[in-house]
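Taking it in order: structure first as structure tokens, then the write-up.
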Amino acid sequence: MTDITIIGSGSMARAIGLRAVAAGRSLQILDRTPANAAKLAAELGPATASGSLGEVPEGDIVVLALYFEPAKEVATHYGDTLSGKTVIEISNPVNMETGDSLLVEPGSSAAEEVARLLPGARIVKAFNTTFAGPLAEGAANGLPLDVFIASDSEPARNEVASFVAAAGLRPLQVGALRHARELEGMQLLLIGLQLNPAYASFNWGTSLKVID
């Protein structure tokens, strides 16, 4: 039985996969290019299977490790297949041409738009404020990374928080899914700063650690 399905094979899929392996979870990697999924699965180890988007996600938790538009496409593709599952949406719908605006309407978020496409799933916003490099390491300057978690489903929030804690990270539950708007806005600011040459040498992993 597979614990977690990760859809995607990029840097965030790899980073979350490494944290899942550290947490002792079995994995399934699915990608529109099966060879990419197989390559990542081989890196993550023998408890990781791989396949294409033609296969059914087996995990109780499904991570959409994708940019916003591909995440919507995958949500539409799977539809009711994901009903009853906890689906983690990680994207930041940032206009990367300018770095100063979001591609969703005011009063909405990427997570909420994906939720409308998957009414039978329990949508969770998480991992959008963690950069892939520090996340793959699991810490920054010896400090565990914070992972903000928002969902309308308390059981889903708790399920993801348990996974995050087992992965050596610090879960911070922020409440309902509407708080994805603030999380995405917060990351818009950080991405904008990261694109500013004046902050090129800033330690972004450490900056995302909330002080106790």
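Small disclaimer: the values here were computed from a predicted structure and weren't measured.
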Worksheet item: Which ILVMFWY residues can you reach from Val87 by hopping between side chains whose heavy atoms are under 4.5 Å apart?
Response: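 Members other than Val87 - counting any ILVMFWY side chain reachable under 4.5 Å - are Ile7, Leu30, Leu53, Val62, Leu64, Leu66, Val74, Tyr78, Leu82, Val114, Leu118, Ile123, Leu177.
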Least distance between heavy atoms, [X] atom then [Y] atom:
X      : Y      : value
Gly51  : Ala37  : O-CB, 3.6 Å
Ala136 : Leu18  : CB-CD1, 3.9 Å
Leu169 : Gly138 : CD2-O, 3.5 Å
Ile61  : Glu159 : CG1-OE2, 3.6 Å
Ile90  : Ala65  : CD1-CA, 3.6 Å

Discussion item. For residues Leu44 and Val63: do they belong to one hydrophobic cluster (side chain heavy atoms under 4.5 Å, members Ile, Leu, Val, Met, Phe, Trp, Tyr)?
Written reply: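 Yes, Leu44 connects to Val63 through the hydrophobic network.
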Show which side-chain atoms of residues 20-27 pair as donor or acceptor with protein atoms under 3.5 Å away, not counting sequence neighbours.
unit_1 : atom_1 : unit_2 : atom_2 : d
Ser26  : OG     : Met1   : O      : 3.0
Ser26  : OG     : Asp3   : N      : 3.0
Ser26  : OG     : Asp3   : OD2    : 3.2

Worksheet item: Does Val174 have any side-chain contact (heavy atoms from CB on, under 4.5 Å) partners at least two apart in sequence or in another chain, and if so, which?
Response: Phe148, Ala150, His179, Leu183
Is the shortest heavy-atom distance from the side chain of [X] to the side chain of [Y] under 4.5 Å?
X      : Y      : value
Thr81  : Pro57  : yes
Ile4   : Phe163 : yes
Val147 : Pro171 : no
Leu145 : Arg170 : no

Worksheet item: Tell me the salt bridge (charged side-chain N to carboxylate O under 4.0 Å, His left out) pairs involving residues 76-89, sequence neighbours left out?
Response: Glu89-Lys125
Worksheet entry | Residue pair Thr86 / Arg122, side-chain donor-acceptor N/O under 3.5 Å | yes
Discussion item. Assess, by modelled atom type and distance only, whether the side chains of Thr76 and Glu73 contain a donor and an acceptor separated by less than 3.5 Å.
Written reply: no
Discussion item. Tell me whether Arg19 contacts the main-chain N or O of Leu135 through its side chain, where contact means a donor paired with an acceptor under 3.5 Å.
Written reply: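 It does hold such a pair.
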Worksheet entry | Any donor-acceptor pair under 3.5 Å from Asn92 side chain to Asn128 backbone |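 Yes: the side chain of Asn92 pairs with the backbone of Asn128.
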Nearest 0.5 Å please: distance from the [atom1] atom of [X] over to the [atom2] atom of [Y].
X      : Y      : atom1 : atom2 : value
Ile88  : Ile149 : CD1   : CD1   : 8.0 Å
Arg157 : Ser162 : CZ    : OG    : 14.5 Å
Arg178 : Ser109 : CZ    : OG    : 11.5 Å

Practice prompt. Return the set of residues passing side-chain hydrogen bond (donor to acceptor under 3.5 Å, both in side chains) with Arg116 (not counting sequence neighbours), or none when no residue passes.
Written response: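 Checked Arg116 against side-chain hydrogen bond (donor to acceptor under 3.5 Å, both in side chains); matches are Ser108.
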Item to complete: Could you give me the CA-CA distance, side-chain angles and deciding distance for Thr129 and Glu184, then say whether side chain to side chain contact (heavy atoms under 4.5 Å, CB included) is met?
Response: CA-CA 8 Å; Thr129 62; Glu184 292 171 14; over 6 Å; no
Response to the item:
Residue pairs meeting side-chain hydrogen bond (donor to acceptor under 3.5 Å, both in side chains), one or both in residues 34-58, sequence neighbours left out, come to Thr2-Glu58, Arg14-Glu43
